[in-house]
Every structure is written in structure tokens, then in C-alpha cells.
Amino acid sequence: MSFLAIDIGNTRLKWALYDSPRPGAVIQAQGAVFLETIDELAEKAWKHLPAPTSMLGCVVAGEAVRRRVEEQLELWDLQPRWVVPAAQEAGVSNGYDHPMRLGADRWVALIGARGHVLAGGPPRPALVVMIGTAVTVDAIDRDGKFVGGLILPGHGIMLRALESGTAGLRVPTGEVVRFPSNTSDALTSGGTYAITGAIERMGRHLAELSGGEVPRVIMTGGAGWKVAPYLDMPHELIESLIFDGLIHIQAYRGR
Ligand SMILES: Nc1ncnc2c1ncn2[C@@H]1O[C@H](COP(=O)(O)OP(=O)(O)O)[C@@H](O)[C@H]1O
Ligand SMILES: CC(C)(COP(=O)(O)O)[C@@H](O)C(=O)NCCC(=O)O
Ligand SMILES: [K+]
């Protein structure tokens, strides 16, 4: 009863093969590839995998990319299935004005985070932070309702925007420091603190909404490890958050 989980972001496709579609399942194989090389999955990374019994994925990289991945999935006799954000799923409700317009990765991460919250004790509010191509900072209340979230440019996009919009900001990567005294450090620190500042602000908003209760902060995404050291609030890095969410959805649907 193996289960293939796939997360297609704007930069990379991440996949993991689990031994079952249930929380606590064990990863048998996993990988990540840049979108430029997704057409090689069937002949490379997936070639020698045991055929998965089922799959579920989330895509925010567009229809064309999704179709290219479905072609790779033809390697196996498998029905491709992709999460479509809804008004509710797996015990989480969606407060977006138009629930289907929420990024599927955000929706799945929220469901994964809710699973971690409930597994860890009594219900409490949580911030779900994803540091990928873009940065998202999503708030879920004590009752499991997604109440809203922020979208920011990721670090790479911030730098490219500054490079292309100015004459004098084309410099090597710098260090994150409190009082940058050169252009490289100013850009690197500016980007990092823009992200941590947004997280801290959303943390305050959610705590206020929750009568002062401090939310659990769960961070994920390819560049999460770069930002985490500068975040001045207790938090956890859970690399598998999206996969955890996909497993939750699959398990919930299969009950
Ligand atoms: N070894 C790495 N490979 C790819 N991206 C990396 C790596 N290390 C850090 N990153 C950062 O992670 C981001 C991609 O993260 P990811 O979660 O895969 O994004 P997305 O889900 O948007 O595709 C890149 O923008 C980059 O800044
Ligand atoms: C915000 C995102 C671009 C994040 O993408 P990512 O950084 O994971 O590649 C994606 O979740 C998306 O396209 N969302 C749709 C719009 C929304 O969530 O409101
Ligand atoms: K993502």
C-alpha cells in the first residue's frame, strides 16, 4: 500500500515514497529536482522505484508543469490526483474569500500543521511559514480555521527585483548582520529581516486574535534553514510538512 507524495513548487518538485498513506508512515525513497529537469523523472530518479499503490500531489507551478509530471507518472499504472483547495478538508476550514484560489501548497501545509498541533496536545493556534520561491505566512486558529495569510517575495526574487530596478545593486551575497555596513550585507540582511519581520508581525496578529495565546510556529520550505536562525521566536523546522499534509488528506479521504 505504498504512497507517492509530490509537491511541485515554482522552483523545484519534491517527492517522497511512503510505505503507507497513513500518519507515521515510513519514507522509502525521496528526492527533489529543479523544474527544468522534471521530464527526466521516469528515466532517472523514478526508474528503479517500486511502483506506488497510490499518489497525491499539490501543484502551484501551473497546468503545463502538472501535465509534464503526469506524463512521467505514466511509468506506473497510477491515477494522478492533485489537491484542490476547498472550503474544508481533513478537519481544517478555509477562510479565504475564494477557497479554491488559495495556493494548493499552502492548503496542504496548513492541514499538515494542524495534524502536528493535534498530535502535540490540546488545540492551539499556529503559524505556518513556507520559505520557497515565495514566502507565505499563514495563520490557523485554535479551531483549525485558516484565518488568512501573507505572501512575500522570497529572497531570490527580492534580490533579482532590486538588481533589475537599480543601477548599483549588483553585488555578491553577503552576511546577515544587525547593522550592515556594505551593500552585500545590506541586501542579504534586508531580505532576511523582511521575512522574519513579517513572520513576527503575523505572530502578533494571531496571538491578539487568540486572546493572547502564543501560536505554535511551524516553518518549512527549501530555504527555511536559512531564515530560521534569525527568527526571534520559538519555532520548529518541519521539512516534511507538505508531505505530512498530503498523507493526512489521503488518510482522511480513505476512512
Ligand atoms: N540546494 C538547494 N536547492 C534548491 N533550492 C535551494 C537550495 N538551498 C536553498 N534553496 C532555496 O530554496 C528555494 C526553493 O525552495 P523550494 O521549497 O523548493 O521552493 P518551491 O516550493 O517554491 O519550488 C530557492 O529559492 C532557494 O533560495
Ligand atoms: C504563493 C505561492 C506562489 C507560493 O509558491 P511557492 O513559493 O511554494 O512556489 C503559491 O502558493 C500560489 O501560487 N498561490 C496562489 C495564490 C494564493 O495563495 O493566494
Ligand atoms: K512550496
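These numbers were taken from a predicted model, which means no experiment stands behind them. One-based numbering, in listed order, for ligands and for the atoms of each.
Short contacts between ligand 1 and Thr133, defined as distances under 4.0 Å to a heavy atom of the residue, involve ligand atoms 19 (O), 20 (P), 22 (O), 23 (O). Per-residue contacts place Asn10 under 4.0 angstrom from the following atoms of ligand 1 (heavy atoms of the residue considered): 20 (P), 22 (O), 23 (O). Residue Phe34 has at least one heavy-atom neighbour below 4.0 Å for each of these atoms of ligand 1: 3 (N), 4 (C). Close approach of ligand 1 to Thr11 is summarised as follows: ligand atoms under 4.0 Å from at least one heavy atom of the residue are 20 (P), 22 (O), 23 (O).
One side chain, Gln250 or Arg81, offers a donor N or O that lies under 3.5 Å from an acceptor on the other. Arg106 and Tyr96 share a side-chain donor-acceptor pair at under 3.5 Å. For the 3.5 Å distance criterion, the side chains of Thr188 and Thr173 fail to qualify, holding no donor opposite an acceptor.
Note: an N/O pair closer than 3.5 Å links Gly222 and ligand 1 by distance alone. For ligand 2, the polar-atom distance check against Gly103 finds a nitrogen or oxygen pair separated by under 3.5 Å. Not a single N or O atom of Thr11, backbone or side chain, sits closer than 3.5 Å to an N or O atom of ligand 2. Residue Arg12 places at least one N or O, backbone or side chain, under 3.5 Å from an N or O of ligand 1. Polar contact with ligand 2: absent for Leu102 (N/O pair, distance under 3.5 Å).
Residue contacts with ligand 2, taken as heavy atom pairs separated by less than 4.0 Å, involve Asn10 via backbone and side-chain atoms alike. Neither the backbone nor the side chain of Val135 has a heavy atom within less than 4.0 Å of ligand 2. Neither the backbone nor the side chain of His155 has any atom closer than 4.0 Å to an atom of ligand 1 (non-hydrogen atoms only).
Per-atom contact check: atom 2 (C) of ligand 2 does not touch the protein, criterion being a heavy-atom distance below 4.0 Å. Atom 26 (C) of ligand 1 lies below 4.0 Å from none of the non-hydrogen atoms of the protein. Protein heavy atoms are absent from the 4.0 Å sphere centred on atom 1 (N) of ligand 1.
Distances under 3.4 Å from the K ion (ligand 3) pick out the protein N/O/S atoms Asp105 OD2.
Proximity of Gly221 to ligand 1 is established by a heavy-atom distance of less than 4.0 Å. For the ligand labelled ligand 1, residue Lys226 lies inside the 4.0 Å heavy-atom shell. In this structure, Met130 has no heavy atom closer than 4.0 Å to ligand 2.
Residue Asp138 comes nearest to Leu150 through the heavy atom pair OD1-N, 4.1 Å, listed as atom of the first residue, atom of the second, then distance.
Paired with Glu70 under the rule side-chain hydrogen bond (donor to acceptor under 3.5 Å, both in side chains), one option of Gln72, Arg66, Arg67, Arg68 passes, and it is Arg66.
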request  = Evaluate the salt bridge (charged side-chain N to carboxylate O under 4.0 Å, His left out) criterion for residues Lys44 and Glu40: first the C-alpha distance (whole Å), next the side-chain angles of each, then the deciding distance (0.1 Å), finally the verdict.
outcome  = CA-CA 6 Å; Lys44 289 194 172 157; Glu40 299 169 359; 3.3 Å; yes
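Among protein heavy atoms, atom 7 (O) of ligand 2 sits closest to Ala134 N, 2.8 Å. Among all non-hydrogen protein atoms, the one lying nearest atom 8 (O) of ligand 2 is Asp105 OD2, 2.6 Å.
Cluster annotation: Leu73 is connected to Ile8 through the hydrophobic network of ILVMFWY side chains, with a link wherever side-chain heavy atoms come within less than 4.5 Å.
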